[in-house]
Every structure is written in structure tokens, then in C-alpha cells.
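Reckoned from all heavy atoms, side chains included, excluding hydrogens, waters and symmetry mates.
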Amino acid sequence: MATGHFQSGPKSDVDEGFTPTTHHPSYSRGYQSSRPLIESARNGWQSQTRTQYHHASSSSGEIETPQWTQMVQSIASAPRFRRYALIYLSVFIFGLIGWRVWVSPRLQERTSLMNSLDPNSRTNADGHFGANATPQFNELIQIKQLDPNLVPGDLAGANADSKKKQRLVIVGDVHGCKQELEKLLAKVNFNQKSGDHLIFVGDMINKGPDSIGVVDLAREYSASSVRGNHEDRILLHRREMARTNSLADTDDAESSLHSPRELSERALARSFSDEQVQWLESCPVILDVGQIPNMGHVVVVHAGLVPEIELERQDPVSVMTMRTIDLHTHVPSSRKKGMNWAKMYDQHQSVLYSGFESTTENPRAKTMTVVYGHDAHSSLSIRTFTKGLDSGCVKGGKLTALVIEDGGKQSIVQVSCPGYVKD
């Protein structure tokens, strides 16, 4: 092969249109004297972008976008930024709703409660409810003291004497539901001979199928009870019929003077024997249970108590009917709308406890716990100083028992009820 000649094969499609640059003089000089070849490479998109940006920026009449604006737009357009922004916005919205719907109303309620319990807020002219004389009713018993031998003691005494174990089984509104009451007592393993004592919060009778059976069961177990508004109504009917010599009459159904509810209650009043009526009349408005460890002074009422008023000065009608209470005058009401009396009473006892906590060895003994019924609308409501046990058995809810053992140990036991009335 002759020197300096190179025989190439046929040209391929790839070779066509390819202009060799290896023989260009500038290439030889650049390759020999300048930087490596890789450093001479340029990205086409960078060159194009710079050219376009330079052309755009140099155009007359257009204002260049500030760099911080471009940075903000770049951050806002990032997917991660949008995701975090959505999360933070959702948290803020939910927090705002929670504050307005839940937190703020409760803070306002607490402030109102504290102001209502402040002695300085009382008016000198009228004072609060209960400060003046209360109505007296000779036909009812205001307060009765529970036998101290039935009250649970401390654990130390119970452990020292294994035979002395007391339990209080306090049952909510029964309303004549005897079968459910028997199921409940069986569920708590009620045993009178072992030291159990049965207490009713009132409204044992009326509405349900077997009011007489409930009274007989209570008498059989030597139970205690307070007078509820339904016992009070039946006893008033009975007293009125005795006064008018109409106890033996059976023509009430033909009379248009009474509503269907009154006719039913008058018939129930007639069905009780004198002994059963006498037992019902012996039930006090307030049952003073006494001191129980870790519960303080315990009382049982049907509906409620007004804070700061002694038991002897409580209005018996209000004790049997109250549901709410006025924050300014402390006047109780049977209406459902308003400040729940138990919430106000619980706050009052909490304030007392805080005051005695630093000055008394046993501050809980200086407080009072109220066990009550009546308020099926609120159903089971267990607070520190108030225990609401009416869980609407006769309406298809549950029958509830609060079991208190030695040492103040408390437990809730319930049974379901089929429901006998709609309202």
C-alpha cells in the first residue's frame, strides 16, 4: 500500500452529510494548546435559554421580574410546598372551629360558673335562692339519717374484721320495671345478709308495668328510698281521694274532669294498700347517708340540691323536680334548657375542695357528694361530686346501679330494658 493514500470503502448513510473537523486548522491548534475537549462542550438548552433570556431582557418596553418574586413563584409551584400549605391550612381551620365550638363556650361557661359562686356577686337586697324561709310541708319528711351500721367504712377496718363488709347498692329510676330490677340485683350479686343495703333515688313507681311489685320488693329487702316527684304525685292523688271519699270509686274513667295521665295515676293510687302507702310516705326528700371514705359526706335525693344551701333549708319541691339552675339567682327549675344544676354543684364542691386541700388533712371529708336520678334526658352522668343514675329504663334505656364498697370503691352496673313508654 502506497504511503499517504487511504482507500475507503463505500460511503454509508451515516457518513453522508458529516463534515469532518479533524483537519480544521483551529482544531489542531486548540487541541494542542488549550483545555481538554470535554471542557469545550456546551449544552444546547443552556445556550438557547440564555439567548432567549438575553433577548427578552433586552427587549424595549418590558420590565424585568424581581428575583425575590421569581423565588416565591418557584417555592409556591413546588408540590411539597402546596402539600404542606394544605395541611397547615386544614389544621388552622379545624383549630379555629374547635376553639369556637368547644373550647371557647366551655371557658365562658366556667367563667360564668365561677362568677355565680363568688360571694361578692350576691345582691344585698335579695340574696340567693334559699337565703330566706323555705316552704314547709307537714305531710312529708325533709331529711332522714341512714343507719351508720349500713354505711361502708375504710379498708383497714374491713380487712381487720372480715365479717364486716358493707355495700350500698343505689339504683336509678325504676318506674315499675320490676323484672329489670330483679335482673340488676342478680347481676350485682345483691345479698342483704352479707351486708348489702339497697337504696332507691326515687321514682320507683308509675309508668312501668309493676309498681306494686317494686314497692313490695323494696319492703322485702328493707330498702331505703327518697321521695321522687312520681311518688309525690301518687301520694297527693291518694290524699285527695281520701279527703273526698272517692278511694272506692271506680267511675273515674267516665269523668271528663281528668286527663288520661291523671286517670292512670289515680288508678295506681287506689291499687296500693295502706301499708304500701305508709312505707312510701316514710321515704324522706333527702337521705343523709353520712361519711364514706374518698367520697366525703354522701346524700341521696331524687332531682338535685342548690349549692351553698344547708340540707334543712332546701326547698323540697325543687329537690324532687329540679334539672337546671339560674346562674345569677340560683333559682332551680324543672326545665331542661339552661345550666345543669349538677354541673354547677360539682364546680362549687371543687372550689371547696381546693380551699381545704392546703389546710386540712382530709379535704374530701369537707365536701358533699350527691347521688340523684330524675334527669333521663342527661342519662347516666357521673361526676366527681354528683352521680346521676337515671338512664331511662322505662323508655327502653338501661337500669343503673351505683355500687359503693368499703374504702369508697365505686362501680357502675347496668341492665338493658325493653321500654314500656315512648315518653
Side-chain angles (χ1 to χ4, degrees), residues 141 143-153 158 163-206 208-228 230-231 272 275-292 295 298-303 369-374 380 382 387-391 393-394 398-415 417:
I141 302 173
I143 305 174
K144 182 179 286 188
Q145 183 76 40
L146 185 65
D147 184 354
N149 293 322
L150 301 174
V151 180
K163 296 182 180 180
K164 184 183 177 182
K165 291 185 178 180
Q166 301 297 141
R167 288 199 311 171
L168 295 180
V169 180
I170 308 178
V171 180
D173 300 36
V174 179
H175 280 296
C177 301
K178 182 184 178 182
Q179 291 185 359
E180 290 69 33
L181 175 59
E182 292 175 332
K183 291 179 182 178
L184 182 62
L185 295 179
K187 191 171 183 179
V188 301
N189 298 316
F190 182 81
N191 191 333
Q192 185 181 2
K193 296 180 180 180
S194 298
D196 293 345
H197 182 65
L198 180 61
I199 301 176
F200 295 95
V201 298
D203 281 6
M204 296 183 297
I205 62 175
N206 207 5
D210 193 1
S211 295
I212 294 177
V214 172
V215 174
D216 287 340
L217 185 148
R219 295 175 63 204
E220 177 186 352
Y221 286 132
S222 301
S224 300
S225 179
V226 296
R227 179 184 289 213
H230 281 272
E231 283 87 9
F272 285 116
E275 292 78 12
Q276 292 166 338
V277 170
Q278 185 178 3
W279 186 88
L280 288 172
E281 289 179 337
S282 69
C283 297
V285 176
I286 302 172
L287 178 64
D288 189 348
V289 176
Q291 284 284 337
I292 296 180
M295 292 188 71
V298 177
V299 297
V300 178
V301 300
H302 178 59
T369 299
V370 182
V371 185
Y372 67 100
H374 185 60
L380 181 66
I382 304 298
K387 318 289 181 181
L389 303 182
D390 186 3
S391 44
C393 176
V394 75
K398 295 182 178 181
L399 186 61
T400 301
L402 171 65
V403 181
I404 305 175
E405 304 178 35
D406 289 319
K409 180 182 178 182
Q410 305 169 48
S411 59
I412 295 293
V413 182
Q414 294 182 309
V415 295
C417 304

Please identify each residue that fulfils side chain to side chain donor-acceptor pair (under 3.5 Å) with [X], with sequence neighbours left out.
{"X": "Ser211", "value": "none"}
{"X": "Glu231", "value": "none"}
{"X": "Glu405", "value": "none"}
{"X": "Asp288", "value": "His297"}

List for me each residue that meets ring pair (Phe, Tyr, Trp, His ring centres under 6.0 Å) alongside [X], sequence neighbours excluded, and say none if there are none.
{"X": "Phe200", "answer": "none"}
{"X": "His374", "answer": "His302"}
{"X": "Phe272", "answer": "none"}

### Val171: which of Leu389, Leu399, Ile199, Val201 passes side chain to side chain contact (heavy atoms under 4.5 Å, CB included)
Leu399
Main-chain N/O of [Y] paired with [X] side-chain donor or acceptor, under 3.5 Å:
{"X": "Thr369", "Y": "Met295", "answer": "yes"}
{"X": "Asp406", "Y": "Gln166", "answer": "yes"}
{"X": "Gln410", "Y": "Ile404", "answer": "no"}

### Query
If you look only at pairs with a residue in residues 278-287, which of them pass as a side-chain hydrogen bond (donor to acceptor under 3.5 Å, both in side chains), with sequence neighbours excluded?
none
### Query
side chain to side chain contact (heavy atoms under 4.5 Å, CB included) between His230 and His175: does it pass, once the steps are laid out?
CA-CA 9 Å; His230 281 272; His175 280 296; 3.4 Å; yes
### Message
Check this for me: Lys144, atom NZ, are more than 12 non-hydrogen atoms of other residues, nucleotides or ligands nearer than 6.0 Å?
### Response
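Counting neighbours around NZ of Lys144, more than 12 heavy atoms of other residues, nucleotides or ligands fall under 6.0 Å, so yes.
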### Query
What residues, two or more places apart in sequence or in another chain, satisfy salt bridge (Lys or Arg N to Asp or Glu O under 4.0 Å) together with Asp147?
none
### Task
Could you pull out all residues at least two apart from Asp196 that satisfy salt bridge (Lys or Arg N to Asp or Glu O under 4.0 Å)?
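Salt bridge (Lys or Arg N to Asp or Glu O under 4.0 Å) check on Asp196 returns Arg167.
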#### Entry: Sub-2.5 Å SG contact, Cys393 and Cys177
no
### Query
Residues two or more places apart in sequence or in another chain: which of them pass side chain to side chain contact (heavy atoms under 4.5 Å, CB included) with Lys183?
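Scan of Lys183 (side chain to side chain contact (heavy atoms under 4.5 Å, CB included), adjacent residues dropped) gives Val415.
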### Pairs where residues 212-222 contributes a residue and the test salt bridge (charged side-chain N to carboxylate O under 4.0 Å, His left out) is met, not counting sequence neighbours
Asp216-Arg219
